[in-house]
Amino acid sequence: MKIGGKDYRTVWMSGSSVNFIEQNKLPFSFEIYEARTHMDTCMAIKTMIVRGAGAIGASAGYGMAQAFLESDGSREYVDEAKRRIEAARPTAQNLFYAANRVYNFAIGSENSAATAVEEAQRIADEDAENCMRIGEHGNGLIKDGFRIETHCNAGWLAFVDFGSALSPVYVAHRSGKKVFVYVDETRPRSQGARLTAWELKNEGVPHAIIPDNAGAHYMSKGDVDMVIVGADRIAANGDTANKIGTHEKAICAARFGVPFYVAAPTSTFDLGCETGDAIPIEERSEDEVLYQTGPDGEGVMRKVLVCSPGSRAMNPAFDVTPVGLITGIITEKDIIKPSEEAVRSLFS
Ligand code: MRU
């Protein structure tokens with residue numbers, strides 16, 4: 001995607017460093033964070049300098065490659081690094097997919113460091129290509145004049161490029177269709193209000209940020225033609241974990257007869273989880289609920305208490321939408337009507 005006329009990916013490797021668009025600073029400032037070691041890359045994943053399933057996956061693959069470069073041939077070193085990377089965030093399946101793929105490909109190979117770097121690069125390239133295909137498939141569902149609601153950020157910042165839920169929107173917009181996007185603000189970290197809105201503005205796609213609790217209002221008035229969301233992990237039966245609040249949107253969509261689509265590459269599926277009950281849900285700091293961050297008049301990032309002082313908060317980062325509420329899953333291979341059979345057919 002282009003920023004100020006220049007092509008960027010969300011994450012990329014140069015030499016032994018991994019570079020990230022610093023997502024905690026967006027949309028207020030555009031900065032690149034350079035992770036020189038796999039430990040720095042782990043920290044970037046943990047602190048959400050990089051976030052979103054595909055981007056986390058590519059970062060984990062690159063982090064694994066960094067560990068091989070640092071290891072001097074020590075298997076203990078890469079094993080320890082793999083454990084560290086896999087502990088960075090628990091829900092996004094792409095992290096485990098990429099760490100395992102790079103590790104299994106490189107371990108025991110003759111030049112394991114070079115092999116690891118090549119495999120990590122392949123994962124990142126595939127992520128971008130798969131998202132482009134998701135856009136092409138998903139565009140077929142979008143009619144001229146559609147008003148689409150999305151939750152959180154499943155745009156190019158959540159992947160290496162293009163995105164999952166927003167990729168069909170970009171393809172539709174570029175092909176000349178009129179589209180309008182309702183952007184759920186997505187508290188507590190506001191990935192919708194900050195990141196999705198910023199992406200859509202850069203692409204010139206008409207949109208409005210709406211409060212998290214406004215979805216039912218617009219759907220009930222017939223103002224939403226479809227919902228498209230991303231996914232962090234999809235179980236073998238099609239149950240889908242995504243940013244907290246997604247389940248509520250799916251319930252509203254079912255209530256008002258609005259088609260509810262999930263868009264995700266096959267690297268997000270976890271056939272090891274039979275149903276959504278087996279998907280680990282990340283519990284994050286209560287500070288994310290209690291405080292908001294943003295720049296003050298001088299542009300310095302500040303943290304401001306926005307809740308009753310002394311009250312505690314709870315902060316589950318994801319919820320699971322049951323398969324029965326999902327109209328279809330848009331993947332790079334096909335759009336499926338989700339069921340265990342349909343999910344398994346993607347891998348046969
Ligand atoms: O906590 P985050 O920002 O890493 O959350 C993940 C997400 O961005 C969303 O759940 C998104 O909709 C799916 S990831 C492509």
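Computation of the quantities below employed the complete heavy-atom set of this structure, encompassing side-chain atoms and omitting hydrogens, waters and symmetry-equivalent molecules. Ligands are counted one by one from 1 in listed order, and the atoms in each one are counted from 1 as well.
- Remark: the backbone N or O of His217 is paired with a side-chain donor or acceptor of Ser220 at under 3.5 angstrom.
- The stretch residues 47-67 participates, sequence neighbours left out, in these side chain to side chain donor-acceptor pair (under 3.5 Å) pairs: Gln23-Arg51, Thr41-Gln66, Arg51-Asn153, Tyr62-Gln121.
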Using a cut-off of under 3.5 Å, which N/O atoms of ligand 1 pair up with protein N/O atoms, and what distance separates each pair?
{"unit_1": "ligand 1", "atom_1": "1 (O)", "unit_2": "Arg89", "atom_2": "NH1", "d": "3.4"}
{"unit_1": "ligand 1", "atom_1": "1 (O)", "unit_2": "Arg89", "atom_2": "NH2", "d": "2.8"}
{"unit_1": "ligand 1", "atom_1": "1 (O)", "unit_2": "Lys243", "atom_2": "NZ", "d": "2.7"}
{"unit_1": "ligand 1", "atom_1": "3 (O)", "unit_2": "Arg51", "atom_2": "NE", "d": "2.9"}
{"unit_1": "ligand 1", "atom_1": "3 (O)", "unit_2": "Arg51", "atom_2": "NH2", "d": "3.4"}
{"unit_1": "ligand 1", "atom_1": "3 (O)", "unit_2": "Gln191", "atom_2": "NE2", "d": "2.9"}
{"unit_1": "ligand 1", "atom_1": "4 (O)", "unit_2": "Gly52", "atom_2": "N", "d": "2.9"}
{"unit_1": "ligand 1", "atom_1": "4 (O)", "unit_2": "Arg89", "atom_2": "NH1", "d": "2.8"}
{"unit_1": "ligand 1", "atom_1": "5 (O)", "unit_2": "Lys243", "atom_2": "NZ", "d": "3.4"}
{"unit_1": "ligand 1", "atom_1": "8 (O)", "unit_2": "Arg51", "atom_2": "NH2", "d": "2.5"}
{"unit_1": "ligand 1", "atom_1": "8 (O)", "unit_2": "Asn153", "atom_2": "O", "d": "3.2"}
{"unit_1": "ligand 1", "atom_1": "10 (O)", "unit_2": "Asp232", "atom_2": "OD2", "d": "2.5"}
{"unit_1": "ligand 1", "atom_1": "10 (O)", "unit_2": "Asn242", "atom_2": "OD1", "d": "2.9"}
{"unit_1": "ligand 1", "atom_1": "10 (O)", "unit_2": "Lys243", "atom_2": "N", "d": "3.0"}
{"unit_1": "ligand 1", "atom_1": "12 (O)", "unit_2": "Asn242", "atom_2": "OD1", "d": "2.8"}
{"unit_1": "ligand 1", "atom_1": "12 (O)", "unit_2": "Asn242", "atom_2": "ND2", "d": "3.3"}

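- When atom types are taken as modelled, the side chain of His137 and the backbone of Glu332 share a donor-acceptor pair closer than 3.5 angstrom.
- Taking Ile, Leu, Val, Met, Phe, Trp and Tyr as hydrophobic and joining them when side-chain heavy atoms fall under 4.5 Å apart, one finds Tyr182 in a cluster with Phe180, Ile210, Tyr218, Met219, Val224, Val227, Val229, Ile234, Phe256, Val258, Phe260, Val262, Phe269, Leu271, Ile326, Ile329, Ile336, Val343, Leu346, Phe347.
- Looking at Glu86 and Leu95, their side chains come closer than 4.5 Å, going by heavy atoms from C-beta outward.
- For Asp225, the side-chain contact (heavy atoms from CB on, under 4.5 Å) partners are Phe146, Arg147, not counting sequence neighbours.
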